[in-house]
Amino acid sequence: MNRARRGRLAAAVFLLAGTAATVALVLVALNENINAFHPPERIVNGTAPVGTTIRAGGMVTPGSVSRDAEGLGVTFVLSDFQGSDFPVRFVGILPDLFREGQGILVTGQLDAGGTFMAHEVLAKHDENYMPPEIADLAAHQAADP
Amino acid sequence: MADPSNEPLLCTRGLACGVNGRTLFEGVELTLSAGDLVEVRGPNGSGKTTLLRCIAGLFTEEAGSVRVRPPERPLYLGHKPGVNPMLSALENIRWYLALEGLSRDADVCRDAVDTVGLGRAGRVPCATLSAGQRRRAALARLVVTEAPLWLLDEPFSALDDAGQDLVRSLIDRHRDAGGAVLCATHEPVGLPDAGRLELPG
Amino acid sequence: MADPSNEPLLCTRGLACGVNGRTLFEGVELTLSAGDLVEVRGPNGSGKTTLLRCIAGLFTEEAGSVRVRPPERPLYLGHKPGVNPMLSALENIRWYLALEGLSRDADVCRDAVDTVGLGRAGRVPCATLSAGQRRRAALARLVVTEAPLWLLDEPFSALDDAGQDLVRSLIDRHRDAGGAVLCATHEPVGLPDAGRLELPG
Amino acid sequence: MGRFTTWFHRMGSPRWFFDLSRPWLVGFLAVGVTLLGVGTVWGLGFAPPDYQQGDSYRIIYIHVPSAHLAEALYVAMGVAGIVVLVWRMKLADMFIAVTAPVGMAVTGIALLTGAIWGRPTWGAWWVWDARTTSVLVLFFLYLGIVALRQAIPRADQAGRAAAVLAIVGTVNVPIIKYSVDWWLTLHQPASITFTAAPAMPPSMWVPLLINMVGFYALVAAFLVAGLRNEVLLREADAQWVRDWLERAS
Amino acid sequence: MSIAVAQVRRDFLVAFRARADAVHPVAFFALTVVLFGLSMGPDRQAMGELAPGMVWVLALLATMMGTDTLFRRDFEDGTLEQLLLHGRPLFVAVLAKLFAHWCVTGLVLTALSPLAGLMLQVPAEGLPALAGSLALGTPALTLIGAIAAALTVGLGRGGMLAAVIALPLFVPVLIFGAGASLAAASGASPAAEFLWLGALLAAALTLAPFAVGLALRVSQEY
Amino acid sequence: MSIAVAQVRRDFLVAFRARADAVHPVAFFALTVVLFGLSMGPDRQAMGELAPGMVWVLALLATMMGTDTLFRRDFEDGTLEQLLLHGRPLFVAVLAKLFAHWCVTGLVLTALSPLAGLMLQVPAEGLPALAGSLALGTPALTLIGAIAAALTVGLGRGGMLAAVIALPLFVPVLIFGAGASLAAASGASPAAEFLWLGALLAAALTLAPFAVGLALRVSQEY
Ligand code: HEM
Ligand SMILES: Nc1ncnc2c1ncn2[C@@H]1O[C@H](COP(=O)(O)OP(=O)(O)OP(=O)(O)O)[C@@H](O)[C@H]1O
Ligand SMILES: Nc1ncnc2c1ncn2[C@@H]1O[C@H](COP(=O)(O)OP(=O)(O)OP(=O)(O)O)[C@@H](O)[C@H]1O
Ligand SMILES: [Mg+2]
Ligand SMILES: [Mg+2]
């Protein structure tokens, strides 16, 4: 085999091996969930650290939102609707999309009593858009099948 | 080095180069066979350096073709010496030999450095050499290379008389051994049977 | 420019320079008066560049003295062209004139650039010029300067024949006007009445 | 590909393009302006409000087309980059030169509208999630290409360098596209896909579609105009350009 | 293969001769860590939470400044031309060069990072992940940075242009690297981030040598 | 005087021609701000407390990278030799050069700093002090950095050596600059720090031009 051919062969082998390794690692990595935030379950069972700043997420439990009589303070309960939920306290302006049943991300610290003291509340919006009338209709249909 | 095949060492057909839409030269037809020496002449800015770099594969032609007889690659000695200033001439030539896949025998290196007249100056980092001495360190490549085609860009620049004679004798030896030389220069090389390519500028 | 006083333009006494403890030259005695031309010759690494930089005040001597007739300062043209590649030759020369405190008349600049044969190439950023063209942009300083003492380090390098003639005629004109030139070079300048300083190397 | 064909591509194309492209310019411009007008008026004035976001969702009619275009332009640049490196086609190189600043502007619009939309819906101007971050990266990639081209004095070489960068940067595009599926992002997943029915009623997505096509057409008009300009600049020394200028003036 | 050995040997020798040059990314890292420590005011706890990210950014900057000189010197003295002309697989020589460079910068940074972490109040349990993520991340940064350095080598501009070009490509590495160290510092498992870092490194290792080779060829012609 | 005008004019012209080069310190600043934002994890509030210090460090780094190229280009093409030879007061030309350089770097950084502050969550009341302290601080940084740049110009090393030399001298400027912005951000009065910054600037303005001139002469002989 001449010099140029050997060089090309080396390059091809190198490229193939590298690509295979990359793909394998990506596939394994995709299976591993990145803990961008702590789900309610981890907050409740005590896996989440207390006293350091963390991020948590969940749905706002219907009926749990209570606003302070004065000021911007608000307390509500975040839940995964599978039996784990925890109280959140926040002082500040809530996003427009904040409402009961909405997916929410909070940043803050868990205090010793298990309350999440949030200093930031972000609302996650899903991909569905519809006019209010249709939304009402859909809600009715869901309510009485 | 003398190759049995009859293909010339270098063959360009209708070669043209330009920068930013301005054509520097076009229709350059060069054929260099064993023993040939061609001087590239032309005023400043006529494109001598560009031509040599194009043949070496360091610049892309606009039209035409360059063919260097495979599997060989030309040796290119440009305006820049190609010598690392932190390394001595000796260490530089060792590295070059490894690149070319040639034997890195200590004797070969030492001989090369002595041949170009560096002697003790070949053992100190090139940063402490004068302009001409650094140029000589680059010339050591001509001593060790096995490339049959040489592309030399103003090989006499910065050299004293002895240095210029050295270059001449290296070219001579190379031609005798069946090599070919393309040399951009402002003064005649002063060797017999030299061809000449004039770039109009 | 011709100064009535009888002091020579340059006078060195017992000048010696060295690097890292090695002496390059010593006891250099040079006296240049109006109209003088002295060639500094010597093999590569003999210290020509060092001598010129020492006289220009860019290198500190080991022993001896350098005296350039006050209030003048010499013009120094070194291995490096002293031309900003982002500016055109025209803009470079304008800046140089301001440094020297001379008139920056547009005509003066244009004449200088034309004299060194750049023409249209003198209007584009020097980065796009060839080695020799950039060298010519540096030569424009010789056209506009009023310094009576010139220190030229290999002024012919990279120049084509026309360029070399240009340098010769500039030197000639300068000598006629009462200036003096000290010139490090590997080939004779080829002008009459040239003195010569040999550095042994 | 033979040498002749290569030569044909390099020498022939810019002029060919210049001669043919004038009607394209007019056509794209007309279509773009019309559709954008219709879509915007429909979207802002007549489409129904959203059940959750009310009227603030209407920024979708600018945000989505610009975001989509930002990705598409980069992919187009990547393809042009391959063409530049493999076939050395000058027109592809000019295409990169013209597209990079336009793409940067469009990406800027997507970022800006996203930030404006994020304030009321998410509750923050800016979050560092995968979607937003990768779009910011896209912006800087465009910036890098513009800066690199600008720094290189020789036009052809500048083109090849920019092509390398354009190709390398395309890995970012799938990341932008699928980041919302791969990672947990605050940004919503796609509402409109080719495989499933849109997650919004026609009264909402038809104007969106019109605006999208309008945006594409308008940017195409910009690109054609820019390319024509670039051809003239780059071929300024050619005889046909001089002739054309003579006729034009 | 011998070409790789020769290249590594040469580059180590040059790094040793120009010692001052080789240790500078490291010195820069150390000094910026100190500067950050100085400028941060009294809130030590807030700092501790952010510190892994800071160390990562500073390591990234140091690496970037290092890659800038990677090819510039060789370009200026003309040895790069010779490297491009030799006609053997270029990517081998490039890989060898980058390996030698990483040994004197990234590797040292990695070794120093626990110390830097301590100075900036990273909690002790975060230190191994910090060093580990840098061990995987700095080679990737070197490889990516080399592409930008190669593209800009002929331009004689400071490292700035290269920085502007390379930084967007650095972002994923930074995100997962800093993410891994932040996760570990706050007690979570950094496994996923490490896998991603590994994938990025593998991809960079596979593609970058070829991209660098291409870029070097292109930038010869500026 | 005319020499100062000519020098400023020339340097502006060069900066304009090499636009990409001139805006790079600024681009670097913007990019590092983004990187820091990225790497900092979820804690936005903690970030806000430290952010004025960060912005200051980043501005310092950007200035430093800018000063590196200040004389290098002129050294390489030989125009620096010509500048040293002309025999008129060198410090005037040096001052003019530094002024031109500051206009395209420090001044722009100062103007951008409020935006950077916002991205890194600096509280709004801290922004004027941040910009003000940078307006006083960046010229001092440029002047000090120029000394280091002048000393190392002949060595052909990347900016690293200059960085290592200059950083210790930057420390006082950084301490008072970051101090002023941190104080303002937390509601205290930054008056004392501003006075110190002013004193540092005055000192640098007086001494640095001469030191730079001396350093340039010395470094010609390496
Ligand atoms: C600065 C922040 C933002 C950035 C950088 C951004 C970027 C993008 C990009 C790149 C796309 C195109 C995805 C594709 O290829 O299909 C997109 C689509 C979209 N974005 Fe954003 N976005 C931002 C904020 C927002 C916000 C705040 C909302 C509203 C909650 C939003 C809603 C949408 C919607 C509805 C789509 C169309 C999805 C589809 O059907 O494909 N974006 N955005
Ligand atoms: N930076 C340096 N460090 C140490 N030694 C140096 C340095 N520069 C030059 N030298 C030494 O000084 C000597 C003289 O150098 P100089 O450049 O003056 O020679 P020259 O006569 O101009 O040679 P050439 O004809 O090659 O230009 C050389 O032998 C060189 O080894
Ligand atoms: N980087 C560049 N950008 C634009 N044009 C360039 C560039 N480099 C060279 N040129 C142009 O190419 C032409 C040819 O340059 P080249 O260096 O090949 O000339 P040359 O014949 O070697 O001249 P010299 O005798 O001065 O060395 C010059 O006129 C120059 O203007
Ligand atoms: Mg030449
Ligand atoms: Mg010399």
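Only this structure's heavy atoms are used, side chains among them; waters, hydrogens and symmetry mates stay out. Residue numbers begin at 1 in each chain, while the letters A, B, ... track the order of the sequences.
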Is any side-chain heavy atom of Phe86(A) less than 4.5 Å from a side-chain heavy atom of Leu78(A)? yes
Fit a plane to each ring of Phe14(A) and Phe91(E), take the angle between them on a 0 to 90° scale, and name the class: parallel (under 30°), tilted (30 to 60°) or perpendicular (over 60°). tilted
Geometric class of the Phe99(E)/Phe12(E) ring pair [parallel <30°, tilted 30-60°, perpendicular >60°]: perpendicular
When the 4.5 angstrom heavy-atom criterion is applied to Leu201(E) and chain A, the contacting part is neither
Checking Ala183(E) against chain A: side chain, backbone, both or neither under 4.5 Å from a heavy atom? neither
Would you mind checking which part of Leu197(E) comes under 4.5 Å of any heavy atom in chain A, side chain (CB onward), backbone (N, CA, C, O), both or neither? neither
Check whether Phe194(E) gets within reach of chain A through its side chain, its backbone, both or neither, counting any heavy atom under 4.5 Å. neither
A quick test of your reading: do over 12 heavy atoms of other residues, nucleotides or ligands sit less than 6.0 Å from CZ of Arg99(A)? yes
